[in-house]
*Asks:* 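Below is the structure I would like to discuss, written out as structure tokens.
Read the numbers this way: they start at 1 and go in the same order the structure lists the ligands and their atoms.
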Amino acid sequence: MSDWKHRHIIDLATFSLKDYESVLELAHRFEEIPSTGKRKLPALQGRLVTTLFFEPSTRTRSSFELAAKNLSADVQSFSPSSSSLNKGETPLDTALTYVAMGSDVLIVRHRSTTVPEQLAKALDLTGKKTAVLNGGDGLHSHPSQGLLDLYTLAQHFQPEKPTPNALKGRNITIVGDILHSRVARSNLWALTASGADVTLCGPPSLLPEEFESFVKAPPPGQKNDPIKKRGKIKVLRNLSEGLRDADAVMALRLQRERMSQNLITDINQYHQEFGITHERLKVCKKNVVVLHPGPVNRGIEISSNLLDDNSISLVEKQVRNGISIRMALLYLITAN
Ligand code: ASP
């Protein structure tokens, strides 16, 4: 893994195929560790990992903390409601306070796009060695989720060797509130890099047509795309068309907390048009699987029965894989 170049992990736009391969390979190795009876690895002994979540989280924060503990790191977490944010301290100054306490890694989630990136730049400018891992910034990016989704799919298609190549030529459909979803954006980078074709499906208010060219320009701040040939993206409005021949379907939550106006007026109608159910999956490939990053609104973006049907739903696997993927990320950025 000595060719790992990312000091911070802010988004997946700059990831090369080798980067994806390194993360998945390491996650696969880490996943086998609990079965050996040695729960903890000493890799991050003496390191301090801080979770700085300015926005709510269940899965991401807990699995990063568990991942850090599995690698023997010391873990410190921060609670915005009882912090000095209430006295007017900025998120950046709050983060720098934890750097001053000796944090080696800051995992940052914030509702505003660019907070993790600004922090990473500020640290680089002052020569501080602390690494920043984006735990989700506004609607921009959620790299660890994109990677765990990629891993979960690779594992499904090729259990013995879950590499990005397992997704080549596969049809993946993402349904729902794409506009407000950082998960969709990170998945678009990861899935197309692996050679999967992605169909996006949702109403115009939640899925602007421009998403078809999402990966066409060079990634922000770079002259060239590190991926030579990406899979294609298409936008479809009709769910039956969008699901046709899909190998996997990802349902997304309506992100009402990020909507400046009420973009969906009738939830029942939304479920009728875009809710994923057993019935609607009949047009997909035979062994289709369903993913959802959580939290789930049962009966809105996905039916409760389908969510609980572990022969199709990979949601539990996504949660479990979140731990090994985050172990891999912590390992790679602290090894530098
Ligand atoms: N947990 C994911 C996120 O933080 C998805 C969601 O909230 O709907 O972006």
Side-chain angles (χ1 to χ4, degrees), residues 9-13 51-67 77-78 80 91 106-117 132-153 172-191 200-203 205-207 211 214 248-260 263-264 267 270-271 274-276 290-302 304 306-307 313-323 325-326 329:
I9 300 177
I10 306 299
D11 67 38
L12 299 180
T51 51
L52 269 177
F53 279 55
F54 298 92
E55 250 196 358
S57 168
T58 300
R59 281 150 278 263
T60 308
R61 174 167 161 172
S62 305
S63 59
F64 261 123
E65 291 178 356
L66 203 53
S77 65
F78 143 92
L106 292 176
I107 299 152
V108 184
R109 169 172 288 191
H110 198 278
R111 68 187 296 277
S112 159
T113 296
T114 73
V115 165
E117 189 179 355
V132 177
L133 235 155
N134 185 356
D137 58 340
L139 41 79
H140 168 232
S141 170
H142 194 343
S144 63
Q145 181 75 42
L147 291 164
L148 78 87
D149 292 339
L150 178 67
Y151 181 51
T152 305
L153 286 167
I172 316 293
T173 301
I174 307 181
V175 184
D177 185 1
I178 314 287
L179 178 62
H180 301 97
S181 175
R182 53 195 177 205
V183 174
R185 286 175 177 80
S186 288
N187 265 283
L188 283 174
W189 291 115
L191 297 173
L200 300 174
C201 193
S205 57
L206 300 179
L207 171 57
F211 268 90
F214 183 75
V249 179
M250 185 180 296
L252 295 176
R253 183 177 68 89
L254 290 174
Q255 307 248 330
R256 291 176 195 245
E257 73 276 23
R258 298 190 209 288
M259 295 183 192
S260 47
L263 296 174
I264 295 292
I267 285 295
Y270 178 82
H271 180 68
F274 295 104
I276 312 294
V290 172
L291 294 89
H292 191 305
V296 178
N297 291 307
R298 287 175 181 263
I300 300 180
E301 61 266 7
I302 185 168
S304 210
L306 180 56
L307 180 70
S313 165
L314 297 184
V315 174
E316 273 184 30
K317 284 205 178 124
Q318 286 174 276
V319 173
R320 276 200 303 278
N321 286 341
I323 301 168
I325 280 289
R326 291 174 174 124
L329 294 177

*Asks:* Which protein non-hydrogen atom lies closest to atom 7 (O) of ligand 1, naming both residue and atom, and how far is it?
*Replies:*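 Here the closest protein heavy atom is Arg253 NH2, 2.9 Å.
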
*Asks:* Could you tell me, atom by atom, which parts of ligand 1 come under 4.0 Å of a heavy atom of Gln255?
*Replies:*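 The atoms of ligand 1 under 4.0 Å from a heavy atom of Gln255 are 5 (C), 6 (C), 7 (O), 8 (O).
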
*Asks:* Specify whether Phe211 and Phe214 have parallel, tilted or perpendicular ring planes, treating 30° as the upper limit for parallel and 60° as the lower limit for perpendicular.
*Replies:*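 Rings of Phe211 and Phe214: parallel, under 30°.
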
*Asks:* Would you mind listing which atoms of ligand 1 come within a distance below 4.0 Å of any non-hydrogen atom of Val183?
*Replies:*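 Listed by number with element, the hits are 2 (C), 5 (C), 9 (O).
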
*Asks:* How far is atom 4 (O) of ligand 1 from its nearest protein heavy atom, and which residue and atom is that?
*Replies:*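 Result for atom 4 (O) of ligand 1: Arg182 NH2, 2.8 Å.
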
*Asks:* Considering both backbone and side-chain atoms of Arg109, is one of its nitrogen or oxygen atoms within less than 3.5 Å of a nitrogen or oxygen in ligand 1?
*Replies:*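 Arg109 vs ligand 1: N/O contact under 3.5 Å present.
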
*Asks:* Report yes if some heavy atom in the side chain of Arg109 is under 4.5 Å from a heavy atom in the side chain of Arg61; otherwise report no.
*Replies:*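 Arg109 does not reach Arg61 side chain to side chain.
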
*Asks:* If hydrogens are left out, which of Gly294, Pro56, Gly176, Gly138 has an atom nearest to atom 2 (C) of ligand 1, that is, the closest non-hydrogen atom?
*Replies:*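 Shortest heavy-atom distance from atom 2 (C) of ligand 1: Gly294.
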
*Asks:* Between Asn321 and Gln318, is there a side-chain heavy-atom distance shorter than 4.5 Å?
*Replies:*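 Side-chain contact under 4.5 Å: no.
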
*Asks:* Any atom of ligand 1 sitting under 4.0 Å from a heavy atom of Pro295?
*Replies:*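 It does; at least one heavy atom falls under 4.0 Å.
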
*Asks:* Mind listing the closest non-hydrogen atom pair of Gly202 and Leu207 along with its distance?
*Replies:*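 Heavy atoms only, the tightest pair is N-CD2, 3.4 Å.
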
*Asks:* Side chains of Gln145 and Ser186: any donor to acceptor distance under 3.5 Å?
*Replies:*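 Judged by distance alone, the side chains do not pair up.
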
*Asks:* Rounded to the nearest 0.5 Å, what separation is found between the CD1 atom of Ile325 and the OG atom of Ser144?
*Replies:*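 The distance works out to 9.0 Å.
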
*Asks:* For ligand 1, note which part of Arg59 has a heavy atom under 4.0 Å away: side chain, backbone, both or neither.
*Replies:*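 Answer for Arg59: neither.
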
*Asks:* Quick one: look at Glu55 and ligand 1, take heavy-atom pairs under 4.0 Å, and tell me if it's side chain, backbone, both or neither.
*Replies:*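 Looking at Glu55 and ligand 1, no heavy atom falls under 4.0 Å.
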
*Asks:* Determine whether a donor-acceptor pair (N or O, by modelled atom type, separation under 3.5 Å) exists between the side chain of Arg111 and the backbone of Phe54.
*Replies:*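 Not confirmed, Arg111 side chain does not pair with Phe54 backbone.
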
